[in-house]
Every structure is written in C-alpha cells, then in structure tokens.
Amino acid sequence: MHKPDFKEAKTTDKRPYETKKFSLEDAYKNYFSGKTYFLKTYGCQMNEHDSEVIEALLEEMGFQKEEDYEKADLIVLNTCSIRENAHNKAFGMLGRCKHLKEKRPDLMLGLCGCMSQEEVVVEEVCKHYPFLNFVVGTHNFYQIPELLVKSLQEGLQVEVFSREKDLIEDLPTERKTSYKAYVNIIYGCDKFCTYCIVPYTRGRQRSRTKDAILEEVKQLLEDGYQEVTLLGQNVNAYGKDLYQDYSFGELLEDVAALGVPRIRFVTSHPWDFTDHMIDLLAKYPNIMPSIHLPVQSGSNRILKLMGRRYTKEMYLELVQKLKAKIPNLALSTDVIVGFPGESEEDFEETLALVDICQFDNAFTFMYSKRVGTPAEKLPQQIEESVKEERLQRLNERVNHFFLENNKKLVGTTQKVLVEGASLKQKDAYFGYTETNKLVNFSGKDLAIGQIVPVIIEDAKTWSLDGRAN
Ligand code: SAH
Ligand code: SF4
Ligand code: F3S
C-alpha cells in the first residue's frame, strides 16, 4: 500500500507528468452482466464528476444502476473529507453496509474519493471493514474495474497513491443529463489554505492540455449540450503548471468562441482572478454572469491565518470591479465561521463584508478541524456553541440579501434552461437563469434542455416564480 505522505505532498517542485489514454480491458467488459450497483456521492462537483466516470466504468462492466442500496449487488461510496460531517456520514453508511453484508455475504462493497486518501481512514477501514472489496484513491479511481475483479479471488484491494499519477484521458462518462456537462480543466490544488484538506486528498495542481479540453467541449457541443461548467478546485490557476504559455483567460475565451450557449466555471480563487477574466465576462454573452468567489472571512487577521493570500480590501476591490463591468452579475461565496482565534470583532468584520457585497448566494460553514492540516495545530480552537451561534447570525444576514436580490428580478424576463417538469403539477417546470437562480414556472409543452424566456412574478429567498407563456 502506498500511504499518503503530507510532507511529500508539500514539495513545490514542478513535476512533468504524462497524459495517457484510457482503455477498459476487454476482459472486464460485461463481466458483471445482470448485476446492479448503488453509488453514493458525498462531495463537491469534482467528486460528482468522478462519480459520472465510475458509473460509466461500472456500466461497461455490465452493472445496472439501482437506486435502493439495500437491493444492490455492489455498493460504492465516493467519499468527501472536507468537513467532519461528510466523514461521519460515510462511516454511518459503512456501518449500514456492514449489517447488510452480514445478511448477504455476496454483497460487494467499495470505497473511493477523498477519504480514501487519508491514512487514518484507510487504517480504520482495513481494521474494522476488512470485508470490503476495494479502497481506491482519487488518483487512480479508473482502476476500480480491475481491483473489483481481483478482489473476488484475493479479498480487499487497497490501492491508494500518495502522489498524483499521470493524467488519464478518454475515460468514459455517464453524464447525468444531456444538456448540462462538467468538464475538468485542472486537478488538485496548490494553495494549501491552512484549514483545507483538498491539497492532500487531491494532490498538486495539474492542468489538462488545451487540446484535450477543447476536444471534449467540441464533442459536447456536437451532442447538443447547452451548458458546460469548467471544473477545478481553483480554475483560474489553470495552466500555471503547464510548460506552455496559456492561461485560464485564454482557455475561457477559446471555449466561449466555440459557441457553447452557456459557460460556467467553478471555483475561482480571488488571488488568481485577473482583469482579463473580468473583461471576458463583460465581452462574451455566453460566459454566464454568475461568479462563485469564496471569501472565507472578512477579517484580515483571520485571512492571513487561513493563508488566503488576499486582504479584505483586495477582495472588495475585485468585487467592485466585477459589479461595475457586469451589471447583471450574481455573486456567490463560501464563508467559514469559528476559524481558530476568530474573535467576535473578526466575525463582525465578516458580517460587515456581507453587507457590502450583498451576495446572491453563500455557502456557510462552521470550521471543522481536519487531521494533517496546519490549522489543526493552531491555538484558540473555538467552541462549538460559539460557532453555531455565529453561523446562525451569518445565515440570517446572507439570507436577507438573497431575498432582496431576488425581489429586484420581479417583472423582468430571464432566460431559463428548462431542467425538469413538476411531477405533482401539470404544466409546471423548473430551471436555472443565466445567473444560476432556480425558477419554478408555468408553461406548456416545453422540452427539457431548452432555453426559454420566463417572466418573473415572485421572489423567495431560495428561488423565483414565473411563467414561460
Ligand atoms: N477550492 C474552493 C473550494 C474548496 S472546498 C475554494 O478555494 O474556495 C469548499 C468550501 O469548503 C471552501 O470554500 C470552504 O469554505 C469550506 N471548507 C474547506 N475546508 C473547511 C474546513 N476545514 N472547515 C469548514 N469549512 C471548510
Ligand atoms: Fe482548499 Fe484553498 Fe485549495 Fe480551495 S484554494 S481547495 S480552500 S486549499
Ligand atoms: Fe470533498 Fe474532496 Fe471535493 S474533500 S469537497 S470531495 S475535493
């Protein structure tokens, strides 16, 4: 077993790596014909997209999807390590799987995703759940087919690499919809924010080549996709690890020029957000006016302890520039409350920043201590009750602005990508605006995956109501 090594992951050398093509050995094709699988995804969009690949691999092996885990022949947990509750949820599910396995000894079980990259988790799984078929890391999850087959003869297969491996291209993907697609542009993260486990679980930053990305987008366009989301933990660092002079801005412009109707990208780190990117947002109507720009805190002291590399003033200046050049911009963010040492004054600075930025959406979290990260060792860890109280106050404040911003849209017409029809109500649909706001609306005979104008009639905190025709 190759154990994750935090020290090793922190070296700063630029390593060349290769790009290889994927081929599922014919031996595994249809090996499991007639069997079913249940796949549970716990994490972010990257994790979701990995699940789309895992589903395709399993389906090539002959598995069929089963929505009820109790009935499935194979259960795969694609885990997330970002906060303790994600970790606990996966272990809760492992416990239920253990009971199921006692009743059904032929049940196959596997663990993959970010938790597989944590040494403590791998040790615990090997000790308490040795009946699993495989534990596979984030750098080699495409090996699930061969490891699953091998496990049937040899028992638990643990294959986790502490360092990132070559980038594998042309993996099959079972996309969730035929109109919206995720496209990975960069893997891993080099920022090492002091609270965050991602650089250890996903490895150093590695960009896919320009050609591979543009090929994938062209294919999606040919297949009729309406929306492409460029994915990475830090998309605007794209290209910095490549031996070519090609930045995220240039990639974004090339993708926009291909003519995809809607382009989005997540997540942007404020430190890497360039004026060129702002200009592109203003210039290309198919780059959606919706930016996710995690701020984490409004206190310079805390931002410094977090290792975020920007000050509150730099963040506010960026927001001001964005709002000035993109009038219909919807801005969303992530905030952590209760980072070690956060005082009431620091927290109030975060509230004050929220008042200025007036976010359209915000994901708010209580700081969660992660094993192996620098913040774990910081003094003055904050009590849970204080974190809870701050989270509640923060949520009240951000929710106020969600509603206020939504109210401003009442009476306007918004372009909405139709994503589904209501199961309960006739002639009722839902979809998302260009600014990524959920709209529930009435309409007749609308096709899913189509972009339609919708008149906004009412605003709620989390959604809009309207009518299409
Ligand atoms: N790469 C992105 C998102 C990373 S994870 C970025 O840099 O913004 C998504 C969010 O989870 C983070 O933005 C942060 O707000 C939150 N998060 C990460 N580690 C956390 C921790 N230890 N405790 C609480 N929240 C955390
Ligand atoms: Fe984590 Fe920071 Fe990287 Fe985001 S930028 S993934 S918060 S280390
Ligand atoms: Fe979670 Fe890993 Fe994503 S820790 S948030 S699944 S990168």
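Because the structure is predicted, anything quoted here is derived from the model rather than measured.
For Leu316 against Cys357, the heavy-atom pair with the smallest separation is CD2-SG, 3.6 Å. Heavy atoms only, all atoms of each residue included: Lys35 and Asp73 are closest at CA-OD2, 3.3 Å. Ala362 and Val398 make their closest contact through CB-CG1, 4.0 Å (heavy atoms, listed as atom of the first residue, atom of the second, distance). Shown here for Arg206 and Asp241, the closest heavy-atom pair between the two residues is CA-OD2, 3.0 Å. Listed here is the closest heavy atom pair of Asn140 and Glu159: ND2-O, 3.0 Å.
Side chain to side chain, Tyr182 and Gln45 fail the donor-acceptor criterion of an N or O pair below 3.5 Å. Between the side chains of Glu250 and Ser247, at least one donor N or O lies within less than 3.5 Å of an accepting N or O. Side-chain contact of Thr461 with Asn399: a donor-acceptor pair under 3.5 Å is absent, judged by distance alone. Neither side chain, Tyr179 nor Gln450, offers a donor N or O lying under 3.5 Å from an acceptor on the other. Looking at Thr41 and Asn78, their side chains never bring a donor and an acceptor atom within 3.5 Å of each other. A side-chain donor-acceptor contact under 3.5 Å links Tyr195 and Gln296. Using modelled atom types, one finds no donor on one side chain facing an acceptor on the other under 3.5 Å when comparing Asn361 with Ser332.
Aromatic rings from Phe192 and Tyr200 are positioned such that their centres are separated by under 6.0 Å. Aromatic rings from Phe339 and Tyr367 are positioned such that their centres are separated by under 6.0 Å. Aromatic ring centroids of Phe32 and Tyr37 lie 6.0 Å or more apart. Here the two rings, on Tyr187 and His139, have centers that are 6.0 Å apart or farther.
Taking the side chain as every heavy atom from C-beta outward, Glu253 and His276 approach each other to under 4.5 Å. For the pair Arg202/Val198, a side-chain contact is recorded, criterion being any heavy-atom separation below 4.5 Å from C-beta on. Leu281 places none of its side-chain heavy atoms less than 4.5 Å from the side chain of Pro289.
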request  = Step by step, work out the side chain to side chain contact (heavy atoms under 4.5 Å, CB included) result for Leu322 and Leu293.
outcome  = CA-CA 11 Å; Leu322 277 163; Leu293 199 62; 4.1 Å; yes

request  = Take Phe441 and Val418 through the test side chain to side chain contact (heavy atoms under 4.5 Å, CB included) and record every step on the way to the result.
outcome  = CA-CA 10 Å; Phe441 58 100; Val418 186; 4.1 Å; yes

query = So Glu174 and Lys65, salt bridge (Lys or Arg N to Asp or Glu O under 4.0 Å) or not? Walk me through it.
reply = CA-CA 11 Å; Glu174 185 65 36; Lys65 194 171 181 159; over 6 Å; no

request  = Could you walk me through whether Asn406 and Lys460 pass side chain to side chain contact (heavy atoms under 4.5 Å, CB included), step by step?
outcome  = CA-CA 7 Å; Asn406 282 349; Lys460 301 193 171 113; 5.9 Å; no

Trace of the side chain to side chain contact (heavy atoms under 4.5 Å, CB included) decision for Ile326 with Ile291 = CA-CA 11 Å; Ile326 306 141; Ile291 302 289; 5.8 Å; no

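Under 4.0 Å is where a charged nitrogen must lie from a carboxylate oxygen, and between Asp272 and Lys191 at least one such pair does.
Using cut-offs of 30° and 60° on the angle between ring planes, the pair Phe91 and His87 is tilted.
For the atom pair CE (Met61) and CG (Asn30), the distance works out to 10.0 Å, reported to the nearest 0.5 Å. Here OG1 of Thr364 is found 3.5 Å from CG of Asn395. Values are rounded to the nearest 0.5 Å. The CG atom of Leu152 lies 6.0 Å from the CG atom of Asn133; values are rounded to the nearest 0.5 Å. Distance CD/Glu55 to NZ/Lys176: 7.5 Å, rounded to 0.5 Å. In this structure, CZ on Arg308 lies 10.0 Å from OG1 on Thr194, to the nearest 0.5 angstrom. Between Phe141 atom CZ and Ile168 atom CD1 the span is 9.5 Å, to the nearest 0.5 Å.
The local environment of CZ in Arg467 is sparse, with at most 12 non-hydrogen atoms from other residues, nucleotides or ligands closer than 6.0 Å. No more than 12 heavy atoms of other residues, nucleotides or ligands lie within 6.0 Å of NZ in Lys71, so this atom counts as exposed by the packing criterion. Counting heavy atoms of neighbouring residues, nucleotides and ligands inside a 6.0 Å radius, atom CG of Asn88 exceeds 12 of them. Around atom CD of Glu376, more than 12 heavy atoms belonging to other residues, nucleotides or ligands sit under 6.0 Å away.
Because its NZ or CZ atom is not both nearer than 6.0 Å to the ring centre of Phe273 and within 45° of the ring axis, Lys321 does not count as a cation-pi partner of that residue. Both tests do not hold together for Lys40 against Phe38: distance to the six-membered ring centre under 6.0 Å, angle to the ring axis within 45°.
Checking each of Lys415, Arg175, Arg264 against Glu227 for a salt bridge (Lys or Arg N to Asp or Glu O under 4.0 Å) leaves exactly one that passes, namely Arg264. Among Leu438, Val416, Leu417, the single residue meeting the side chain to side chain contact (heavy atoms under 4.5 Å, CB included) criterion with Tyr432 is Leu438.
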